[in-house]
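Okay, structure first, notes after.
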Number of protein chains: 4
Amino acid sequence: MLSHSPDHRTRTAERRRDAMRRRLVESAMLVFAAKGTETVVIDDVIMVAGVSRGTFYKYFPSTLDLMVAISQELANELMAQVERVVAPIPDPVERVALGLRLFIETARAFPLFAGFIRATGVQATGPAALIYNYLPDHLNEGIAKGRFLDLPLEIHLDLITGTVLLCVLRQLPVPTETAHVRQVVASMLRALGLPAPEARAIADLDPPPLHLPEDSLLVRTQRRLEAGSDDTCRRAR
Amino acid sequence: MLSHSPDHRTRTAERRRDAMRRRLVESAMLVFAAKGTETVVIDDVIMVAGVSRGTFYKYFPSTLDLMVAISQELANELMAQVERVVAPIPDPVERVALGLRLFIETARAFPLFAGFIRATGVQATGPAALIYNYLPDHLNEGIAKGRFLDLPLEIHLDLITGTVLLCVLRQLPVPTETAHVRQVVASMLRALGLPAPEARAIADLDPPPLHLPEDSLLVRTQRRLEAGSDDTCRRAR
Amino acid sequence: MLSHSPDHRTRTAERRRDAMRRRLVESAMLVFAAKGTETVVIDDVIMVAGVSRGTFYKYFPSTLDLMVAISQELANELMAQVERVVAPIPDPVERVALGLRLFIETARAFPLFAGFIRATGVQATGPAALIYNYLPDHLNEGIAKGRFLDLPLEIHLDLITGTVLLCVLRQLPVPTETAHVRQVVASMLRALGLPAPEARAIADLDPPPLHLPEDSLLVRTQRRLEAGSDDTCRRAR
Amino acid sequence: MLSHSPDHRTRTAERRRDAMRRRLVESAMLVFAAKGTETVVIDDVIMVAGVSRGTFYKYFPSTLDLMVAISQELANELMAQVERVVAPIPDPVERVALGLRLFIETARAFPLFAGFIRATGVQATGPAALIYNYLPDHLNEGIAKGRFLDLPLEIHLDLITGTVLLCVLRQLPVPTETAHVRQVVASMLRALGLPAPEARAIADLDPPPLHLPEDSLLVRTQRRLEAGSDDTCRRAR
DNA sequence: GATGAATGAGGCTTCATTCAT
DNA sequence: CATGAATGAAGCCTCATTCAT
């Protein structure tokens with residue numbers, strides 16, 4: 001039997017497509033880390049990825065699509081992470097607090113992530129939008145249980161989003177202390193309506209250590225960043 | 001006496017220079033508000049201002065410089081406004097609350113301002129930086145008097161800056177209700193450590209109506225915006 | 001075998017790159033000859049070459065680099081030509097005389113060459129510099145054999161370079177008679193120290209006819225000049 | 001009698017016009033000296049001259065006219081100088097030799113002059129053209145008297161012009177020895193047909209020291225150059 | 001008459017995207 | 001299929017010249 005089954009062929013091709021897609025997304029992250037969002041993009045990305053221009057366009061119709069792809073990938077990884085931790089927790093307040101902690105912890109552990117947030121800002125497409133998708137249910141539950149003040153959700157959401165954003169930016173160029181993060185989260189909980197002592201107590205509950213899968217975008221990219229910072233930065237200005 | 005005194009000539013020339021400078025700043029403001037800071041291009045500004053390329057460079061080396069000029073002008077106008085109102089108030093908490101209200105009210109009354117903030121983001125050069133300059137004294141006084149929680153200032157500042165930022169963005173494309181602003185301010189006061197009822201009461205104190213001088217950048221520009229929105233937006237993407 | 005070998009592909013690509021490079025060099029030559037070096041502008045070159053702005057920058061960072069490329073190419077062609085003729089000649093005086101004759105003859109036969117020299121002037125990068133590279137050995141030998149006056153080389157070189165330069169300019173807009181060239185060369189030989197009759201005799205030795213290869217820059221460009229002088233000169237001032 | 005006579009008024013005005021014209025021409029020379037011909041012109045000239053743009057255009061319709069004005073002024077000064085020296089000399093050969101010596105000596109004494117020649121090249125408008133105007137009569141006389149070879153004048157002229165040009169360029173950035181100049185002139189005389197010993201003897205005749213009037217362009221400019229090289233070069237690049 | 005602000009054509013350079021090989 | 005040469009629109013900046021005051 002000389003030829004593989006068409007099915008197998010298809011599957012192989014698909015796997016290769018995925019690998020290349022990842023490679024491009026990673027490379028874009030690396031470029032982001034090396035330079036500000038402004039300045040060159042495509043040239044750097046394909047150079048870091050080691051592929052041709054044509055190949056790039058095979059995978060992404062435009063640079064914007066690449067940005068979107070990164071955002072989604074990051075959002076997915078983060079959601080998985082957060083859900084894993086908070087799902088079993090009965091108290092909606094703790095769920096909110098731990099979710100925010102995890103978001104900020106990710107930015108602390110992965111400057112790459114913080115940099116991307118900074119570059120993206122508060123866009124509907126960026127990972128910051130995650131907050132608007134993830135929190136409402138928990139907030140509503142907290143409100144229903146009388147733990148949070150019964151205000152329009154957007155009040156709570158804007159405060160949280162804005163605060164988290166600033167807190168993430170604070171992680172650059174060097175991360176803050178854990179104490180700082182706890183205090184910020186406590187502040188948000190007070191804003192949501194919790195009494196100061198309770199806010200403090202819950203904000204001090206540490207989430208389990210981050211555990212992103214080995215093949216997650218952030219982990220892979222961080223690794224490449226540490227490994228060959230030479231190659232990456234060579235052309236990067 | 002047939003000829004003008006050199007002094008008079010000089011003064012006339014100076015006045016014209018100033019007029020052109022203002023024209024450019026106004027135009028840039030219009031453009032910045034309509035598009036993102038990053039994407040603004042000299043062509044946009046000179047088209048809106050109706051001047052030549054060369055003229056632009058006589059006054060500003062780059063669009064970035066224009067941006068800085070606008071920021072400073074806006075910051076000055078805003079500070080004058082705020083100081084006028086809060087200076088006589090003895091309670092630091094009220095001073096903080098009213099200051100934030102005025103900031104947000106300005107964004108509500110002048111979509112141009114909100115647009116500019118959106119375009120600028122949380123840059124050290126943008127008017128958002130105002131918060132970092134203006135608040136510390138009042139916050140410290142509030143902390144000293146036991147009204148605010150005694151946390152590192154940056155905790156309070158990040159929360160306020162982030163929240164105000166988001167609240168300003170909410171004013172686009174259409175402003176929110178006053179009630180919304182009051183609630184947001186109340187949330188911030190709670191985060192700062194005030195008990196919910198007090199936070200609410202102080203957040204409900206309305207500031208006197210905005211009163212910007214007729215020749216302020218915001219008033220002039222808003223007027224131009226209403227007048228010839230055609231010209232302005234033609235090229236603006 | 002359906003697909004070309006990568007080797008073949010590579011070679012094809014390389015050949016195309018070379019072709020484009022040549023096209024640009026030729027076009028620049030046409031433009032340089034038509035206008036002054038100083039005034040040539042990328043637009044002229046790409047218009048004559050019929051390529052895009054971007055393409056130009058792929059190959060040369062500036063028009064100056066093109067100029068250098070042309071100079072080197074011309075210098076190479078000329079050297080090959082001259083060496084072929086003078087190498088077997090035992091008498092250094094004859095070698096000098098014939099070399100100069102060939103240089104000038106080239107300018108006579110190729111107005112393009114004369115134009116380029118005019119445009120270049122006496123730059124270290126221009127083909128006129130050839131004289132400073134090529135002559136010293138022969139002059140020294142002539143001096144050693146007592147045929148030329150024993151003066152500092154630069155005296156001889158400046159005189160020859162200046163004179164040849166002017167003589168080349170004389171070839172524009174229409175070439176001079178051969179007799180003129182012979183007389184100029186004789187003058188130079190007298191300046192070098194030869195007695196008038198001997199100078200005359202040696203200056204009258206005709207070099208063999210020019211023979212540049214078909215694919216030399218001068219031949220190719222001259223051909224293009226004759227073919228489409230319309231296109232070339234359209235924008236040229 | 002309150003008003004001056006119209007005649008006096010006119011004369012005063014004329015004198016002022018002349019003064020300004022000179023000021024501009026000097027300034028242009030200074031700028032030439034400070035930078036290469038390329039790069040800015042008008043801005044530098046008016047800055048060095050301390051006048052306004054408008055004033056400049058009152059005096060010279062374009063920059064080209066300024067160049068021409070400088071050339072003519074220099075040519076006039078040089079001619080006056082040379083004529084003063086050679087007029088009384090009976091021997092045409094000596095007249096030629098001394099004239100060339102004076103030309104070159106001027107370039108040695110005034111780097112400004114050499115720089116201008118370099119910038120101008122062999123243009124019909126430049127001072128190098130002087131050679132073509134001044135020499136023919138003397139050469140013809142020399143030929144008639146059997147001192148120079150009876151060749152077409154252009155042969156002699158091209159050789160001399162080219163050689164002098166190169167010799168002038170040699171004076172930059174630092175002047176050569178007098179001996180060098182003598183040898184070059186001797187070479188030219190040999191080329192013209194003089195026997196080597198006689199060429200040498202005549203080339204060694206030193207001209208009287210240069211004596212340009214105090215108010216000549218070169219003297220004034222050189223003085224200003226030495227005086228305030230700071231002001232001149234401040235903006236120069 | 002002098003001034004210098006305004007002009008705008010003319011050059012330069014970059015980079016996302018296309019497409020023949 | 002992958003490639004990378006070619007494209008050209010979109011920015012940027014300069015500077016000779018004009019002209020209202």
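Order of the sequence lines sets the chain letters (A, B, ...), proteins ahead of strands, with each chain counted from 1. Bear in mind the structure is a predicted one, so any value in this text is a computation, not a measurement.
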C/Thr12 side-chain N/O to E/dT21 phosphate OP1/OP2 under 4.0 Å: no

Just the rounded figure in Å: distance from P of F/dC12 to CD1 of B/Ile42. 5 Å

Below the 4.0 Å mark, does F/dG4 have OP1 or OP2 next to a side-chain nitrogen or oxygen of A/Ser52? no

Rounded off to whole Å, could you give me the CZ-to-C1' distance for the D/Arg21 and E/dA2 pair? 18 Å

Taking the six-membered ring of B/Tyr59 as reference, does the cationic atom of B/Arg17 (NZ for Lys, CZ for Arg) lie under 6.0 Å from its centre and within 45° of its axis? yes

d(CD, C/Glu14; C1', F/dG4) in whole Å: 14 Å

Considering only heavy atoms and no angle criterion, is a donor-acceptor pair shorter than 3.5 Å present between the side chain of A/Arg53 and the base of E/dT18? no

For E/dA2, the Watson-Crick or wobble partner whose two distances fall under 3.5 Å: F/dT21

If you check the D/Thr55 side chain, which of E/dT7, F/dA2, E/dA2 turns out closest? E/dA2

Quick one: label A/Ser62 by what it contacts on the DNA or RNA (base, sugar-phosphate, nothing), any heavy atom closer than 4.0 Å. sugar-phosphate

Contact nearer the 5' end of DNA chain E, comparing B/Phe56 with A/Val41: B/Phe56

In whole Å, what is the span from the OH atom of A/Tyr59 to the C1' atom of E/dT17? 18 Å

Taking the nucleotide of DNA chain E with the nearest heavy atom to each, does A/Leu64 or D/Arg16 sit closer to the 5' end? D/Arg16

Taking the cut-offs as 6.0 angstrom to the six-membered ring centre and 45 degrees off its axis, would you call D/Arg118 and D/Phe32 a cation-pi pair? no

Heavy atoms under 4.0 Å, any strand shown: does D/Phe60 hit a base, just sugar-phosphate, or nothing? nothing

Do any side-chain nitrogens or oxygens of D/Tyr57 fall under 4.0 Å of OP1 or OP2 in E/dG4? no

Are side-chain heavy atoms of D/Phe60 and D/Val25 found at a separation under 4.5 Å? yes

